[in-house]
Amino acid sequence: MTSDSTDSAVSGVEIQLEGVTKRYPGSAEPAVKDVTMTIPAGQIVVLVGPSGCGKTTTMRMINRLIEPTSGRITIGGEDALELDDVRLRRKIGYAIQQAGLFPHFTVAQNIAVVPGLLGWDKKRIAERVDELMDLVGLDASQFRDRYPRQLSGGQQQRVGVARALAADPPVLLMDEPFGAVDPITRGNLQDELLRLQADLGKTIVFVTHDFDEAVKLGDRIAVLGEASTIQQYDTPEAILANPANDMVAGFVGAGASLKQLTLLRVRDVDYPDLALTADVGESPSELRARLARAGDTYALLVDRRRRPQRWVHVRNLSAATSLANIGRPVGDTVSTQSTLQDALEAILAEGGRAVVTGTRGEYVGMIDIETVTGVLAQLREEHESAGDAGDAGDGVDGDGTDAADGDGHGGDAGRAGVARGDAARDGAGRADGGVDGDAGAAADSGAGTS
Amino acid sequence: MSDVDVTGLSSEPGLKRADRVRLLAQPLAVLVVVGAVLVWAFARETDEIEAESIQAGVLLTKTWEHLLITVVVTAIVVGVAVPLGAMLTRRWAKPVAPVFLGIANIGQAAPALGVLVLFFLWTGWEGLWAAALPIAFYSLLPVLRNTIVGIQSVDPSLVDAARGIGMSPRSVLLRVEMPLALPMVLAGIRTSLVLAVGTATLAFFVNGGGLGELVDTGYKLNRPAVLVVGAVLAVGLALVVDWLGALAEQLLGPKGLG
């Protein structure tokens, strides 16, 4: 996989916040204090932080639902504070918790609001509505004329996303859009969003208090503290590997290393070719001799296409006349596509190490617990040095850490690729095979833009 | 997800059985009672004084005058209270909202006859407007209050969504807030209408006409039949107007709710 294979169009634009502050009259402390950050074009940036930290306020200042007291916001180089606020908002998609659909409008009317405000003609609007419903996975003929209360929460949320995308805005603001649906639906919606984003390449500012959601969706995560001060602004890997301070560490919560394993794939690590393999047709005595020479006690039997079959111990060989039916079947294997979390599961189930198979199911190596812990240690070390080089608290030091990160993963799978891979795994796990391929493309495009 | 829920018709939201029965029964009851009283009144022997009042032309004129006052009052109330209520929910008007609500409260708390007479003493007017204006002031509150409460009870996240996707403040009010507040506004108008019909019986004090005149005549000249006809017609009219209000609530409310 190379980073420039499918360079899908980035239709998003860069957003810059410079010293943005919001101070409400009558309160001594500002609600948002001097936030400076760059949100790169075509990426998903997740603002995450505890309740009341001002993350929503920060987001709402981008489309000026809340006017900043001071500071500068540019969207695609244009000064957002100079524009007419209503016109500005028509160019920025907006999706909120519980979808915020107008209950007295049908699904089609809800989606059609912004194109209508922009003065599109009826035919174009109708076509766009159908196109968008298809995009978010709703059958237009079935759902077009329904009212929101006739939809499930997940369907409402899809319509909410479709409405936000209606006029094809370069920027999307999403305020906990999946906060009010059940975990399974939420997972599906997250996968869908990643799939959409792979095609659309919008700049998405996503607010959530759920760090796992941030890790799953974010190309970058900004962990915000009190008054929206940026505690750390970096890739999910970097934050997991090296939280900038206690507050971030607390927010990352327990299991940071486990979370990190979901972001890495087996192909990204150096797994050793430890096992001695033998074809089923080989004679037992021959194999015994080979094992003795190698000083090994176990051999892995593979079939003609080198797919792992069984483990045989040297003891079994003396009495055996053929390798055809001796040994213990190989249990869990992991593919090079698997995440390290899956690999760890297989390692534990297999008692210390697991067989790694390639794309056609052939044996390519072994992965053991030392490999996994080694990768984590290495990542932590890299991010520590990267964190020292840049200024983790600054929030606009993206390039330095990004580069370091790419190197850390062996270069072939950029950071975004790893994150999207995670989505692909989850999508596949929910029996949605189509997501897998798309997410692969997302990985490529993401890497291409970084 | 249950299909039953999904395919549930939205054209008659929340039209419960009791409401349905009432929508049918109310006009029928009015028809029967008013019809019976009229038949009785016309069939019985009348003296000269009674005959002057109990005749089709007079009854129609009085009912028409009564309706006219009601319609004018309603027009004034809707024309003033709905826009005023909507305005008072705007953020910049928040501080003055209690002032207006207070004034409307006074209007309703004061006895209707008092308001009517004070207005007459102040202006010296007589006739339709002398009756309609104070009665409108008297029945302003339900619409004003319901408009304000109706708009305020619109889910703030919907207003946020409407603003967030780029609706102008005007669009937010007209396309989101007002339609969603409409059931409450209509309920307020219905209350106001019933109040207006009732209060319009006092219009004869300022030469405004209406069914109150029959009641007054019957009382002063000791002709109970005239009094009864006037009173029954007034009650019937109030019930019909209430029925029309209920019908409007059913038909005009926003679709997709409930």
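The figures here come from the full heavy-atom set of this structure, side chains too, leaving out hydrogens, waters and symmetry mates.
Counting only heavy atoms from C-beta outward, the side chains of A:F102 and B:R175 never approach each other to under 4.5 Å. Within the 4.5 Å cutoff, no side-chain heavy atoms of A:L117 are placed close to those of B:S168. Considering only heavy atoms from C-beta on, B:M167 stays 4.5 Å or farther from A:V86 through its side chain.
Only the side chain of A:R163 comes within contact range of chain B, with at least one heavy atom under 4.5 Å from a heavy atom of that chain. Within the 4.5 angstrom heavy-atom criterion, only backbone atoms of A:I92 (N, CA, C, O) approach chain B. With a 4.5 angstrom heavy-atom cutoff, A:R60 touches chain B only via side-chain atoms. Proximity to chain B is absent for every atom of A:L173, based on heavy atoms less than 4.5 angstrom apart.
A:R90 and B:G166 make their closest contact through NE-O, 2.7 Å (heavy atoms, listed as atom of the first residue, atom of the second, distance). The heavy-atom pair separating B:A161 from A:G100 by the smallest distance is CB-O, 3.5 Å. Counting all heavy atoms, side chain and backbone alike, B:L180 lies closest to A:P103 at CD2-CG, 3.7 Å.
Residue-environment remark: CZ (B:R90) exceeds the threshold of 12 foreign heavy atoms within 6.0 Å. Atom CH2 of A:W120 has more than 12 heavy atoms from other residues, nucleotides or ligands within 6.0 Å.
A distance-only check finds no donor-acceptor pair linking the side chain of A:R89 to the backbone of B:I165 [under 3.5 Å].
When the heavy atoms of residues 142-160 of chain B are compared with those of chain A, the residues falling under 4.5 Å are B:S157, B:L158, B:D160, listed by number. Inspection of non-hydrogen atoms places no residue of residues 69-82 of chain B under 4.5 Å from chain A.
For the atom pair CG (A:N63) and CZ (B:R163), the distance works out to 8.5 Å, reported to the nearest 0.5 Å.
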